[in-house]
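Keep in mind that this is a model prediction, so the values were computed, not measured.
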Amino acid sequence: MATVGRRAWGLLRHEWVVATFAGVALAVLLTWPTLRHPWTTIPGDIGDPTLQAWQVAWAGHALLTDPLALWHSNTFFPESYTYVYSDTLLGYAPAGLLGHGVEAAVFRYNLLYVLAHALAFVGAYALVRQLGSGRTAAAVAGVAWAFAPWRLAHSGHLNILSIGGIALCLAMLARGHGWSLRHGHRPALHRPGWIVAGWLVAAWQVSLGFGIGLPLVYFLAGTGLVVAAGLAWSRWRNGRWVLGRRVVLANLIGGAVFGGVCLWLATTFLQVVKLNPQARRDLTWTEWFSPPLRGYFVAPADSWLWGDYHEAGRAELSWPPEMALLPGVTLIVLAAVGLSYSVFRVRHRVLLGLGVLITGALGLGSNLGDRGDPGYLTLSRLLPGWDALRTPGRMMVWTSLLLAILAAGAITQFGSELSRRATPLDATGSQAAETAPPRTPRPRPAWPRLAGRVALLLPLLLVLVEGVNRTPHPAVPPAPAALRSAAEPLLVLPSDGLGELHVMLWSTDGFPRIANGLAAFVPDRQEQIRSMSMSFPDPGSIEFLRQTGIRSVVVMPDRLAGTPWDGVATRPVDGLGITREEVHGVLIYHLDPGDGEQPR
């Protein structure tokens, strides 16, 4: 029994177990109050988060009931491929298997919101540790990346916050190839299993959406080409291959899975564009969302530390949610120090610095050079799919990761020097060595060591403070009871704006087919339904809706004011061949009179 207890204690003390628990604890603390009322409130706003709560719920529902119908969701009836009208968050589908209904969807979203931050911390910690940093430095890098001020502007975008797989897959691939910034390539440390795992995590990251995943695809592809060229050069120069067969095979297997997932998702999105040409946007959108250089030094309003101080700076930005890109003052300072004072080699620091400049320049979009050419807009014209990434500022994912690595190098160097100075001196005044003759060591004073450790923890405390949020957590609108009494397929009026996202969330209670939905474009059939329903109920609109396949129309009178459907609730239905009933202030129009007798 004592042996089992020691093993359990040893497991709990393992670095990666501690790092994982620390990541979860920090995520709960620094996203608070997300888990205070996780079934009824949602972080950010009641717009995109309600859409993404529906996305996760639908994916789980489809896997459980009909996996082949995954892409054809219950929204935007009668269109097809409706699940891929936006980034899908498909990788979170297993979470969608747990629970059912609206409250479960909201709770699931909140839990994933917290865990996404935790994974970002663990991923950055693992990557920086693999690259050769100390534990404290890795913790600073993890907090600085996972809870950076700029991310607070995306509290309503789970797909943008879900970046942990980027750092984690890079850590796994580097570990599998026995490579680090501090020690270079060490063939004796090759681990093919880690290589396969890295590719699988990369595939999962891409499945959360191309908005963040596509740059990872091109980074891995570019890195692969560089490595292949380096291997060919080494073979020509030295007459031997640096990588063994098992490593090559692991890359082929993992890379094939990764490529297959990317191709599968890409062809599906292309099918959406083929069916809906209006879904393709020109580069005008990219120019609109391109931040100015000063945006890198402006924090979002939800930053507890910097929000009020940078209010004037945000007022000068045309779209602050995508242009307030402060990665953290502490991180910028530490990264600048890391360029000249670091445990990493000079050439690696130079490459990291160039990476910061390049990704930062790309993040400016059309505000670099001749309207972003060469730059972000050049990539939009040359790289397939890049033109769909209309928000250049999100390149801060990569800029801040590189800054975190540079900062970790400086902190690790300081920690190494602190350890050397804490080593007792021998009688001659030099540091004691294992090979030196036994001499009475002369202990160093205790206060410099204590001061050094405090100084080592100071960056961690600073990045923690910069990560404190004041994100609003509004209550999610409750689903009208009338929806359960309406036969599907159904239409909810009014059918425009953020209300469409609420209807999508409400549909997680049973997933009835609905004509409602909101995406970055409007499908032709939905446009026709909206246009015809503005005169509802009249013979023309009723006949059109019946031909479309809609059996019920649910009208919410308290939401009609100021919309094109204002007045629908007061129009008579006599002689139209339909029935109307009221359920808790909401009207249900049964286009087939028999539907009112048998609630769904």
Glu581 and His590: side chain donor to acceptor below 3.5 Å | yes
Donor-acceptor list for residues 200-217 side chains, cut-off 3.5 Å, not counting sequence neighbours:
from	atom 1	to	atom 2	distance (Å)
Trp204	NE1	Gly91	O	3.1
Gln205	OE1	Gly165	N	3.0
Gln205	OE1	Ile166	N	3.3
Gln205	NE2	Ser162	O	2.8
Ser207	OG	Gly91	N	3.4
Ser207	OG	Trp204	O	2.5

Check side-chain contact (heavy atoms from CB on, under 4.5 Å) between Ser495 and all other residues, then give those that pass, not counting sequence neighbours.
-> Leu491, Leu493, Glu500, Asn516, Arg530, Trp565
Steps toward ring-ring contact (aromatic ring centres under 6.0 Å, His included) verdict (Phe121, His117) | CA-CA 6 Å; Phe121 169 84; His117 286 82; over 10 Å; no
Using the test salt bridge (Lys or Arg N to Asp or Glu O under 4.0 Å), find all partners of Asp87 that sit at least two apart in sequence or belong to another chain.
-> none
Ion pair check, Asp566 and Arg559, cut-off under 4.0 Å | no
Would you please classify the geometry between the Trp54 ring and the Trp58 ring as parallel, tilted or perpendicular, with 30° and 60° separating the classes?
-> parallel
Distance-only donor-acceptor check, side chains Thr34 and Asn110, under 3.5 Å = no
Is the shortest side-chain N to carboxylate O distance from Arg294 to Glu316 below 4.0 Å?
-> yes
Indicate whether any N or O donor in one side chain lies under 3.5 Å from an N or O acceptor in the other, for His72 and Arg513.
-> no
Salt bridge check: are Arg280 and Asp387 linked by an N-O gap of less than 4.0 Å?
-> yes
Mark yes when over 12 heavy atoms from residues, nucleotides or ligands other than Glu311 sit less than 6.0 Å from its CD; otherwise mark no.
-> no
Flag side-chain contact, heavy atom, 4.5 Å: Val102 against Leu505 | yes
Give a yes or no on whether Arg525 atom CZ has more than 12 heavy-atom contacts from other residues, nucleotides or ligands under 6.0 Å away.
-> no
Do Ser73 and Thr82 get their side chains close enough for a donor-acceptor pair, meaning under 3.5 Å?
-> yes
